[in-house]
Protein chains: 6
Amino acid sequence: MSECKPERRVYLNGEFVLERDARISIFDSALMFGDMVFEMTRSFNKKQHRLRDHLDRLYRGIKQLRIPLKMTVEEMEQRVCETQEKNEPAFDPHDEHRMMINVSRGPLAMYKMVFGGTVQPTVVIADFPVKWTVASFAHIYDAGYHAVTPSQRAIPSALLDAKIKNRSRMHYMVANLQVSLVEDPAALALLLDPDGFIAEGTGANFFIVRDGVLLTPEGRNILRGITRQHTMDLARRLGIEVREQNLELYDAHHADEAFFTSTGYTMIPCTKLNGIPIGDGKVGPMFRRLIDAWNRDVGVDIIAQTQAFAAEVGDALAGTNIYRFVKEKSA
Amino acid sequence: MSECKPERRVYLNGEFVLERDARISIFDSALMFGDMVFEMTRSFNKKQHRLRDHLDRLYRGIKQLRIPLKMTVEEMEQRVCETQEKNEPAFDPHDEHRMMINVSRGPLAMYKMVFGGTVQPTVVIADFPVKWTVASFAHIYDAGYHAVTPSQRAIPSALLDAKIKNRSRMHYMVANLQVSLVEDPAALALLLDPDGFIAEGTGANFFIVRDGVLLTPEGRNILRGITRQHTMDLARRLGIEVREQNLELYDAHHADEAFFTSTGYTMIPCTKLNGIPIGDGKVGPMFRRLIDAWNRDVGVDIIAQTQAFAAEVGDALAGTNIYRFVKEKSA
Amino acid sequence: MSECKPERRVYLNGEFVLERDARISIFDSALMFGDMVFEMTRSFNKKQHRLRDHLDRLYRGIKQLRIPLKMTVEEMEQRVCETQEKNEPAFDPHDEHRMMINVSRGPLAMYKMVFGGTVQPTVVIADFPVKWTVASFAHIYDAGYHAVTPSQRAIPSALLDAKIKNRSRMHYMVANLQVSLVEDPAALALLLDPDGFIAEGTGANFFIVRDGVLLTPEGRNILRGITRQHTMDLARRLGIEVREQNLELYDAHHADEAFFTSTGYTMIPCTKLNGIPIGDGKVGPMFRRLIDAWNRDVGVDIIAQTQAFAAEVGDALAGTNIYRFVKEKSA
Amino acid sequence: MSECKPERRVYLNGEFVLERDARISIFDSALMFGDMVFEMTRSFNKKQHRLRDHLDRLYRGIKQLRIPLKMTVEEMEQRVCETQEKNEPAFDPHDEHRMMINVSRGPLAMYKMVFGGTVQPTVVIADFPVKWTVASFAHIYDAGYHAVTPSQRAIPSALLDAKIKNRSRMHYMVANLQVSLVEDPAALALLLDPDGFIAEGTGANFFIVRDGVLLTPEGRNILRGITRQHTMDLARRLGIEVREQNLELYDAHHADEAFFTSTGYTMIPCTKLNGIPIGDGKVGPMFRRLIDAWNRDVGVDIIAQTQAFAAEVGDALAGTNIYRFVKEKSA
Amino acid sequence: MSECKPERRVYLNGEFVLERDARISIFDSALMFGDMVFEMTRSFNKKQHRLRDHLDRLYRGIKQLRIPLKMTVEEMEQRVCETQEKNEPAFDPHDEHRMMINVSRGPLAMYKMVFGGTVQPTVVIADFPVKWTVASFAHIYDAGYHAVTPSQRAIPSALLDAKIKNRSRMHYMVANLQVSLVEDPAALALLLDPDGFIAEGTGANFFIVRDGVLLTPEGRNILRGITRQHTMDLARRLGIEVREQNLELYDAHHADEAFFTSTGYTMIPCTKLNGIPIGDGKVGPMFRRLIDAWNRDVGVDIIAQTQAFAAEVGDALAGTNIYRFVKEKSA
Amino acid sequence: MSECKPERRVYLNGEFVLERDARISIFDSALMFGDMVFEMTRSFNKKQHRLRDHLDRLYRGIKQLRIPLKMTVEEMEQRVCETQEKNEPAFDPHDEHRMMINVSRGPLAMYKMVFGGTVQPTVVIADFPVKWTVASFAHIYDAGYHAVTPSQRAIPSALLDAKIKNRSRMHYMVANLQVSLVEDPAALALLLDPDGFIAEGTGANFFIVRDGVLLTPEGRNILRGITRQHTMDLARRLGIEVREQNLELYDAHHADEAFFTSTGYTMIPCTKLNGIPIGDGKVGPMFRRLIDAWNRDVGVDIIAQTQAFAAEVGDALAGTNIYRFVKEKSA
């Protein structure tokens, strides 16, 4: 991708390996059981946003899954910073860093002979350009997403807790597959839980706006996104009322506006739901007000930056939208 | 592990790599989404048992998840055989081969630049000694397992289908963790589904015997095990009535016998449930009759072989029981 | 529609009115509460198929909803026959008769002053050409339907019993709307119930074929179709095993064949499910065998007749497929 | 009904037809699928109460069901007013107007040949005396209703959304039927949802009073009544705390007071639940305070007016209580 | 109660006490937790019917609840027989014996000081005339019961297992209370489970007959009655097909016949369901055939005996029907 | 237990009987149906704490279950006080009084002949030393309880309402049994409801502390404990925010502190959940602050008193912890 630049490297259990060589043993619990917790963060102007909040959530998962990791959260934070520093020369000056932090309990004890008789948790810190993630979203800022509810439901937290950001997510793939049947290329999956309440996208939180109030599903059968939290924080600072509550399709159909949040692209509008326009079907004033607040807060014009990234990437990543790739690949 | 023998190798996307180097990219859908289907088979007298049935199940998962794999099931079968052949010199003559076959859709398209712009499905065929898996079960044949129902429930198939043998299994880990609190080292998790029906162990099917009839949960919220199927086939050949039906704790508490099946150890008795003996709390005649049928069918004395494996492995794998390792590791 | 022929008439509470004038008071319970039971039958060679079975089902609904209808089932049968006879001159010789029989408890008592102080149940018997219903299905016989599961679920029978063929079916409309978003014009809704079991289409029953056995959902959260019953009867006469049981998406994805039944078109193939081919994605031998049995049983080549009807109707009814009209109308 | 007065007329797709001739085609989606949205409003002193709020709700249903209606909400409002004006001469000076506004997507496209090849949405605006609706409630103001929970449950909104005021309400009829078995003529159905929370009456919202606070079920599995809203608005203006929350039978059994709201009669007391008095079993002070507020707000003594209506109607409408007619009719 | 006869005595932990003195400590687990298992049997011609089957069920409960009872089932059987023998002089020659056998784990250990520091399980064997139980049913044999479904649902077995005949049955009382509101004195509660399937009466099993086949709910959320079993056994001996399966209200509404079974009265017809006649609303031929089979099997004309008992008891037990007493008492 | 002191007596339907003779007829509805409501209160410095609140709850149960008790709540309060007074001489000066008040509808009417033809409700007021209940908890104050979630779930209130403090609690026993398998003697059951929300212990309410806020499950599927209420009252008086809301395992795992409340011991820390420390696994500052508030409020150093009681009781009550006795007894 860049000729004279050094190659990106990934922190892997204490070593920095080439990105393409960042791999995990087939005997690792991460692969055997989807038993891995992770975070994906991003920088604004090269500074990781709310990094410690991400890592605190990571460590909540480590605790609840009883992963016997010795590394403290402070050490982890330092490792993340080192990794970014080390990789900075491999990035363009205008690039932003997307960090992916993975922790698993490592290879299963049963296979320890493969590894000389001892096994230990696996820690991965990868660092790649934000533009890979967000390029495909640039054109959505104008017309907005079209949320479609697949028959695949979100899994209730008592069965598999989305609040622990984990890798047992095959059902997200199934949801994406179902929605990829829809004619509209801007369609993306919005999952309902088995009670029929709106849960989340497959990697994004959902908000609606009604009468000037910001509403988002209760933090139950969803990942409680850091970007979701930051958006609520910003809104409250602006004096906007924010409520976490059960939301139904009815609420979303008759909202004034709607949008998704995710760490990669922060906020993106949603203007249609199951074929029916939300509000007047256009990007609304609350969205603009909040993304402006984001821009000021992080010192970056997020939409402009995303569009610049898209222009730079060009067609190289066409059809790789994280929410729709199943279809493109199987075509 | 063996000095003068060649090292075991793993088929990985067309190449045979050293076992310890058999790894999967951190950008693979298998790691990002637990989006990988797999099979684990074993040999008896070096012959893989019902290999094609395992592969047919694998391909059902590939189809339903729309993994764009080009390799046909016939080619896959051939690859598995080649892998075993190639590794045979690395095995002792009395060893049996455990094959693990993994298929994922490969790295996510979004990360294709890491891989020179193209991505393809991931295929792994590993081959390691059965003794690793079964050594820890040898001592269970005498006293039997103690099934304990954790509060973690099986996930209904409409949300995450256990019938597709997949890697989104964090909830198995949670179940094992809960059961590892029980005093009895022979305790293992028996999952109920949200309706309260018995589902399965975390990697094993469950049977009870009542009045000479063999009963096992309907193939709904469970993996429909090949070994489960083979045990039913053998029983029917012996003229034993077999029924797949919803089973409740009441049924299991008042059964005459119970046992688990899994490909590694085939059948293993279960003599206690939630602290209460099943039947007279001893290994029963139906279990003995069926394992004899297995022995004759595969030409191996399964219990004797397992005990020999255990003796051979000795303490090297103590505390690595697949169903209990969480506790040991966190100790 | 036909110049010199007499116009079709509808039996309405003892009178024969013009089809366009067959209307029901806005104060009728049918309109106030969707509180109307009905049947839709069809003729083969001008003879109504299993008419009495349809009427028996109608009267089960009348009984369970306590509609105080005085007319006996025998009288009703006679009225239906009279209606067809009376209308025959308005039909072409090659036409078949589709009868719609509606019964409600009539205008609500509260509004009885509008009707001179007394109210009585409403009985409607309409008779129109089968070709209206089936013309849009003719082209499906080659490639088959594409069943898509919307997020709208079937309503459990304990809440609203589909076994009573009734008019409270707004959720069918919602399901059709959701599926009309799918790119494929052959897509139609296949409803799951809240447990995730396959229920039915929005006006059609669903069958799969596996290893030569015919499987269809238990008669619980579905209409127990007369055509569903007749297809099972024919299959059993051919020595084919038939089982009513809970079916999941997994079962349908890995079936050899699938098809829908409905009184209008009898049987129609289903070759794709949520974007994935069923079997080899082609119309299968069991379908052909069963429709042949139908043809022989009713003395009509059903597919040929349907195609002739489609040719006759031409474009006049384009875009009126009962399962998809929502989309066409809103376009 | 009145000799020298003109007859009442109903707006029906642009025309004003006699009330008894206000009918809808049997091919209309309203009759085929219960696929019709509606509103029922009433006047106080000849002025329709919160008419625009009713119409806004109507249009939310039109939007969500994708009914391709051209008429705007402003035009609809005007049509309603015209209809009342036109009918005023047919009313007594002391009468109030009850308007029923129905909208469906019209005859199904499949039957368009019946209608000359084109179909369009159906719009009905009926206008009849409020006294028909409320006469049977007059005697309830003294002793109060007896709420009884039938085994029929409310349908969860994710399956059939009561918030869209629609005509698929057969289950209301079933609930009424079950409760009509109770000895007490003042018994009426109070539906629980499948979770056991109190939902609503079959056409009425439910409130309880506890320690001076007004409590009513969350707006989830219920119609969010305009009269429910207005009662909450009035209470808040009086400084009374109002909370929408999940309510259980326990809450209602131990409430100080309870009452129902519905547009026809506004508020009516409920003094008994499943055979057990609520509070002291008498009409309570909060009820009196709120109905006084209503009286002042609308400039009508609602109870007095209802009793005058009842006296006027006399026995002409005996046994036509909307909540109990099933039983009377079948007797 | 009888002057010259000896008084009845109850076996209580090894002693025979007067019936009125048969009491259990307020510190007993039976009273603290409803933690008691029991059986109620009856004699025909002085011989206890299927006593051992009842006691085997009792011991299943003892085992599953881990009650540390030392007495074996054989000893228990002997105690029951002794108790009947000892009491026979207190009975009339034509009387039958109703035995009630209660077992609890005894006073809670925490209260052992009250009992001198040691506690032991509680065993009660009472023996009273069958006529007390059945007298109130005599008049039902002609017209049959009217089954009414209350809003109280049966508790799923995974939460509280009705298959263990236990004393945590407050919900039965609630169901009886709800049904006692119904006008018909022959009304009794028929519980649905939360899925809407028919479960059982509050102390009786339910059967329907359709096309000559005997159908009864699966043995899941119900007590698997010994009398239920015996009725199925008798039917099979007569060549009648019997099926245990999920039954819905629809099935019962459209059955040809229905009846309840319970140990006291064996079988009793049910001719109405929620106000709607079952079949023709009369006692049917299958009922007569089966009760005849019972009569022959036990050597007693059950209906005649019951009517004789009723005549003997006269008004002394009026209003004590086990299924309805709540209402009578509160009146 | 005390030589020269008088013996304790229990109020039983108007009489004061010896504690060991306080028994209830085997024909009482309490024993037949677990149909008894009750309260357990305790004194501080000989004064019953919030006695009237307990009795008001008792009378809510009496009302809802329609127990035809004549005694008013005022009379009941007086009876309780008299009972304590009468028993005071039987207590040591430093003792506290634990009162148990039981009310049932009395013997079933069917058995009234045993009682001379009339039956009446049963009222029991027992009075025994608090030390029996709390002695076994003394050592928990240091290390805290270990909450373990059994597979037995809390019963939803719509099926069996825990808010009515009743004796149908066999499921509590089952939960205790399951948890008694856990290695840790400090393990006690924490029940989840079927939705996976935390409900309560088997006789105790649960609280967590997060960021200085006190959180406890909504009062839905739990007993709304008086001690729970008093703890919330005290916290609010201290300016601590208190919220009743749905809590999941995730919330408890990541809380700063947790504790149980129950009338006997008031508050007791919980420092571990399913094997994972809560917070730092130590008794926390909020717990200390609140128990101090309790101490001040009731004028007793609760922990010191409990420890003194434990020292006094010594080993006499070892192994009688109300939450764990099942195991001890069956050993």
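Just so we're on the same page: letters track the sequence lines, and every chain starts at 1. As a basis for the values below, the full set of heavy atoms in this structure was taken, side chains included, without hydrogen atoms, waters or symmetry mates.
Around the NZ atom of C:K86, the shell of radius 6.0 Å holds no more than 12 heavy atoms that belong to other residues, nucleotides or ligands.
Residue pairs meeting the salt bridge (Lys or Arg N to Asp or Glu O under 4.0 Å) criterion with at least one member in residues 160-170 of chain C, sequence neighbours excluded: C:D161-C:K163, C:K163-E:E248. Counting only residues at least two apart or in different chains, salt bridge (Lys or Arg N to Asp or Glu O under 4.0 Å) contacts with residues 189-201 of chain C comprise C:D193-C:R220.
If you measure heavy-atom distances from D:A135 to chain C, you find no contacts under 4.5 Å at all. Residue contact with chain C, scored on non-hydrogen atoms closer than 4.5 Å, involves the side chain of D:V124 exclusively. Within the 4.5 angstrom heavy-atom criterion, no atom of D:V37 approaches chain C. Within the 4.5 angstrom heavy-atom criterion, no atom of D:E7 approaches chain C. For D:F38, no part lies near chain C; criterion is any non-hydrogen pair under 4.5 Å. Of the atoms belonging to C:A158, it is backbone heavy atoms, and not side-chain ones, that fall under 4.5 Å from chain D.
Atom CG of residue D:N176 and atom CG of residue C:D35 lie 10.0 Å apart, to the nearest 0.5 angstrom. The distance from the OG1 atom of C:T133 to the OH atom of D:Y111 is 5.0 Å, given to the nearest 0.5 Å. Rounded to the nearest 0.5 angstrom, C:M113 CE and D:R8 CZ are separated by 9.0 Å. Atoms CG and CG, from D:L160 and C:L160 in turn, are 7.0 Å apart once rounded to the nearest 0.5 Å. Here the CE-OG distance, from D:M173 to C:S168, works out to 9.0 Å after rounding to the nearest 0.5 Å.
Contact annotation for residues 12-22 of chain D against chain C (heavy-atom separation below 4.5 Å, listed by residue number): D:E19, D:R20, D:A22.
Contact record, D:W132 with C:M110: O-CG, 3.5 Å, taken as the closest heavy-atom pair. The two residues D:R66 and C:L177 come nearest to each other via the heavy atoms CD-CD1, 2.6 Å.
Between D:H171 and C:L159 there is no side-chain heavy-atom pair separated by less than 4.5 Å. Counting heavy atoms from C-beta on, the side chains of C:L31 and D:N102 never come closer than 4.5 Å.
Counting heavy-atom pairs closer than 4.5 Å to chain C, the top-ranked of the candidates D:I164, D:I67, D:N166 is D:N166.
Applying side chain to side chain contact (heavy atoms under 4.5 Å, CB included) to C:I24 and the options D:I24, D:I26, D:D28 leaves one that passes, D:I26.
Residues satisfying the ring pair (Phe, Tyr, Trp, His ring centres under 6.0 Å) criterion with D:F197, sequence neighbours excluded, are absent altogether.
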